[in-house]
Amino acid sequence: MSKRLKHRLRSVAVVAALLILPQVVQERYFLHIVVMAGIYTIMTMSWNLLAGYSGQLNLGHAAFFGIGAYSSALLAMKLGVSPWFGLLGGGVIAGFFGFLLGFPALRLSGPYLAITTIGFAEILRLVAVNWVDLTRGSLGLSGIPLLTPIRLGSWGMEFYFERDYYYVVLAAVVFTYFCMLRFTHSEFGVSLQALRDDEQGAQSIGIHTSQYKLAVFTISAFFAGMAGGLFAHFTRLVSPDTMSLHVTFDTLTMTMIGGLGTTAGPILGAVLLSLLSEWLRTLEDFFRMDIRLVLYGFLLILTIRFMREGLVGVVRALKEGFSSYGKGRNAGGDHD
Amino acid sequence: MESLFLQQTLNGLIIGSIYSLIAIGLTMIFGVMKISNFAHGDYSMVGAYTAVFLMAWVPGWMGWVGSIIAAAAVVGILGIVTERLIFRPLIGRWTDIDIIMVSIGLFILLENLAQLFFGATPQMISDPFKGATVHIGGVSTSVLRVFCFGFSCIAIGALQIFLNRSKLGVAIRATSQNRFAAQLMGVDINLIYTLTFWVGAALAGVAGVLYGTTFAVHPLMGAMPTLKAFVVTILGGMGNIRGAIFGGFILGIAESLGGNYLAMEYQHAIGFFIIILVLLLRPRGLFGAKEGT
Amino acid sequence: MLRVEEINVTYGKAVALMDVSLHLERGELVTLLGSNGAGKSTLLKCVSGIKPPIKGRTIFDGEEIQKLPSHKIVQRGIIHVPEGRAVFPDLTVEENLRMGAFCRKDENAVRKDMDFVFALLPRLQERINQSAGTLSGGEAQMLAIGRGLLAEPKLLMLDEPSLGLAPVLRDNIFAVIRQIYQEKDITILLVEQNARWALQVAARGYVLENGRIRLEDTGEKLAANPHVQRAYLGY
């Protein structure tokens, strides 16, 4: 069997498995976790584009998530917009804020940029807390509408159960994934990496780094906003905590452990850590303590110290251990 | 009104001195090792908990003063351990982003270990002066705060003497200005790294006791001091100790006045607004060196 | 006194020095010539312990030192004065000089050396409490040399001391170096692009090109060498 065919069959098998998963495992709690994992996957992929491929350290990513969530919720609740458009709207509004955040990034880098992004998110979070008329402050918005039913001729789909949201989120994840693939494996992606590795060098060969920075912030924010919208219509509750630093740190941890700067890393990290997190929660009764986050911190430190490329790097190293050497270093990463 | 202004300025000055103390450690570590440690505020948190425990044994002002010394020792050791195990192996090998990330990992770890061991409920360091206040002119403040201010100033003063009068202190300053040249003078750079972290963390630990006495002590309390410390550091110029001292006072007063005269809810955002201004207008900070030094 | 044997230094995959060997006897003034990028600074960094070699040995007074950390090499009396001044800009002139004496314990000896340096370089005495960052190029170079002297060097390695200085200042520096050599019991390895003066004052010299030693001879013979004349003396 040719390698190409093998690869294709593998992809088909993965897609098929993903499609029939909710039919096989019907337990609602499990599907709830999977849906959340999917939402986090979009977050990690979008953050990965910004930090992994473009080298822009954004520690305010939760702000985009929150803006998307609040926007979508408010559009539905105050303006009666269909949640489907709300998802898009949330993404666009978040994208706008991403564009705004891109401006400081033009001049700042490293810790300066990091602090600015934290400040950006913090200020927005405080706005959410204090602009009570709009956001109901710390109470947050509850009772956010579910996704409205779709009807095409005689076929219809309603969105009451986790299973239904699973398919929506799966579609969103796949959409995001292919977009990311397109972005990174194109001239755009190459320019972003040039920007990351040597900004001055990139400028000297004619790359308009400013435009690229603004673009990647906008795009990254859009996807995070979309994830926020999905979150809003799924959990039906949005509060200022949605924009907290902890959300950003969760995203960051998942991406780093999965493998920063790779295509598969964010997915791997988000899925595995979500599952790990839940498994640990079940053990919580046994240990009588919550060690999830302790483990997160510990794993993050270990990853950066010893496995800089995350789990993807480990998998790659294992594969290379068996097969021939001389495999080129693919900056785009492999999808395994 | 007049005395309200003075009162708020005084409050700001006192809090500012604590900010300075935390920021000095952060800026020193950045200056010498080029490390931005996002877990720095957690050193303060550990210091605060040291005080909580010690004062459970030895209450009153003896316990309090003892805690300050104990915090310096305990957190100093923590600083050395984190430097050796986590940060030093990464210098020169990984990028700045990686170092910031690993410090975030440390932040998450420390925060949640604290939550695990100490529980999430906030605790108080009991006021050794039992709420006594002092009045001068039109302003008043608690005796506790006066002592906090006093200890901050003593610590800052001691550091200045160390950095200016002692051989190792001058070596630390030299290393932060030109590491290569310092090596050529026979300075053991690894020793300087450890020493800098030790001093920086110890100062943060002391500040933690003072901070915890003024506010509450809880596992998540480290985030605020970290961000404040970064704000002060950027305001004063990263790596610049004098800048950190002035910056701390400026931030304290700005928060106090801004919170009272402008908007209380956004008090904590004042720092961020300040640095946005700074980064726009004078990125190197008040005392920072020009780029390329 | 110093023997460098078959030193190889790489920066990642790039080879900076390949099988470089040279030697200095006690009390000699030897010069190392070469253009930019030839590897002169790298060689000094290798000897001073900043950039260890991947192959080869460095032997100083009978002891192998190539694996030692830089602070231990300074303690043995090898002092590297780097190119480009490299003073500590926010320390005063006096603090800079005292940093030179960082490894020394005998306060009296340090003070005597300070007097020597101030006598040799009176301008430094004038500016003793000024920040080193405010000094002019020539003054900073003198400070760097003075600082090096305060480390009580047995072997003084100077990396392009005249670089970037106007001719008058260059002559000053050269005079200072000559004076140090004559008055102190010292061995000097002088790295210079300005070959003319270096060859006048040096007993022997090496020419380093693309990371390899290309020539080794006495100062006079090198000055008369046609290749050297074309490449480094501007004929």
Side-chain angles (χ1 to χ4, degrees), chain A residues 51-52 55-57 59 103-104 107-127 129-132 137 196-197 244-246 248-250 252-253 255-257 260-261 287-306 308, chain B residues 26 30 34-39 82 85-87 89-90 93-117 119-120 220 223 226-227 229-231 233-234 238 263-269 271-276 278-280 283-285:
Chain A
Q56 304 301 306
L57 186 55
L59 295 184
F103 281 102
R107 289 175 40 166
L108 306 170
S109 63
Y112 302 102
L113 181 61
I115 287 291
T116 305
T117 58
I118 294 181
F120 174 82
E122 250 316 278
I123 291 174
L124 285 171
R125 195 187 65 84
L126 284 173
V127 167
V129 168
N130 290 307
W131 195 352
V132 185
R196 171 194 67 195
D197 294 333
S244 72
L245 202 53
H246 293 273
T248 304
F249 282 176
D250 277 355
L252 178 164
T253 307
T255 314
M256 291 298 301
I257 292 179
L260 187 71
F287 282 117
R288 264 181 292 120
M289 356 187 235
D290 180 5
I291 60 170
R292 289 180 304 135
L293 290 174
V294 173
L295 204 60
Y296 270 34
F298 190 61
L299 285 176
L300 183 54
I301 296 176
L302 275 185
T303 302
I304 298 179
R305 272 283 273 123
F306 299 113
R308 172 59 179 80
Chain B
L26 187 70
F30 183 81
K34 302 293 178 278
I35 287 177
S36 311
N37 184 5
F38 272 79
T82 55
L85 290 182
I86 298 176
F87 290 108
L90 294 182
R93 280 171 56 204
W94 296 142
T95 64
D96 293 340
I97 289 188
D98 292 317
I99 293 190
I100 293 179
M101 297 286 199
V102 87
S103 74
I104 290 176
L106 181 61
F107 171 78
I108 297 175
L109 182 67
L110 287 177
E111 226 182 37
N112 289 286
L113 274 180
Q115 191 144 9
L116 213 57
F117 289 128
L220 304 183
T226 304
L227 294 178
F230 270 101
V231 167
T233 307
I234 290 177
M238 292 202 82
M264 203 40 153
E265 315 88 52
Y266 289 98
Q267 190 183 41
H268 292 301
F272 290 118
F273 283 117
I274 292 181
I275 53 163
I276 289 175
V278 169
L279 289 172
L280 277 178
R284 55 187 154 110

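As the structure is a prediction and not an experimental result, all values here were calculated from the model. Lettering follows sequence order; numbering is per chain, from 1. Heavy atoms only: backbone and side chains are in, while hydrogens, waters and symmetry mates are out.
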Worksheet item: B:Leu279 versus chain A, heavy atoms under 4.5 Å apart: side chain, backbone, both or neither?
Response: both
Worksheet item: Is there a side-chain contact between B:Ile275 and A:Tyr112 (heavy atoms, below 4.5 Å)?
Response: no
Worksheet item: Rounded to the nearest 0.5 Å, what separation is found between the CG atom of A:Leu300 and the CG atom of B:Leu109?
Response: 9.5 Å
Worksheet item: Given the options A:Thr116, A:Ile301, A:Thr303, A:Thr253, which has more heavy-atom pairs under 4.5 Å with chain B than any of the others?
Response: A:Ile301
Worksheet item: Checking A:Leu295 against chain B: side chain, backbone, both or neither under 4.5 Å from a heavy atom?
Response: neither
Worksheet entry | A:Leu59/B:Phe38 under side-chain contact (heavy atoms from CB on, under 4.5 Å): CA gap, chis, key distance, verdict | CA-CA 11 Å; A:Leu59 295 184; B:Phe38 272 79; 3.9 Å; yes
Worksheet item: Where on B:Ile104 is there a heavy atom nearer than 4.5 Å to chain A: the side chain, the backbone, both, or neither?
Response: both
Discussion item. With a 4.5 angstrom heavy-atom cut-off, is it the side chain or the backbone of A:Val129 that approaches chain B, or both, or neither?
Written reply: neither
Discussion item. For a 4.5 angstrom cut-off between non-hydrogen side-chain atoms, does B:Ile108 reach A:His246?
Written reply: no
Worksheet entry | Heavy-atom pair count under 4.5 Å with chain A, highest-scoring of B:Leu113, B:Ile276, B:Thr233 | B:Leu113
Discussion item. As an exercise, state the distance from CD1 of B:Ile97 to CZ of A:Arg196, rounded to the nearest 0.5 Å.
Written reply: 9.0 Å
Worksheet, complete the sentence: Okay, A:Leu126 and chain B: the region with an atom under 4.5 Å from a heavy atom over there is both
Item to complete: Please report the closest heavy-atom contact between B:Phe30 and A:Pro111, naming both atoms and the distance.
Response: CE1-CG, 4.3 Å
Item to complete: Begin with the C-alpha distance, continue with both residues' side-chain angles, and end with the deciding distance and a verdict on side-chain contact (heavy atoms from CB on, under 4.5 Å) for B:Asn112 and A:Arg292.
Response: CA-CA 9 Å; B:Asn112 289 286; A:Arg292 289 180 304 135; over 6 Å; no
Worksheet item: Would a distance-only check, ignoring hydrogens and angles, find a side-chain to backbone donor-acceptor pair under 3.5 Å from A:Arg305 to B:Pro89?
Response: no
Worksheet item: Can you tell me how far the CG atom of B:Leu280 sits from the CZ atom of A:Phe103, to the nearest 0.5 Å?
Response: 12.0 Å
Worksheet item: So what's closer than 4.5 Å to chain B heavy atoms on A:Ile115: side chain, backbone, both or neither?
Response: both
Worksheet item: What part of B:Ile99 lies closer than 4.5 angstrom to a heavy atom of chain A: side chain, backbone, both or neither?
Response: neither
Discussion item. Is B:Leu106 in contact with chain A via its backbone, its side chain, both, or neither, using a 4.5 Å heavy-atom distance?
Written reply: both
Worksheet item: Does any heavy atom of chain A fall under 4.5 Å from the side chain of B:Glu111, the backbone, both, or neither of them?
Response: side chain
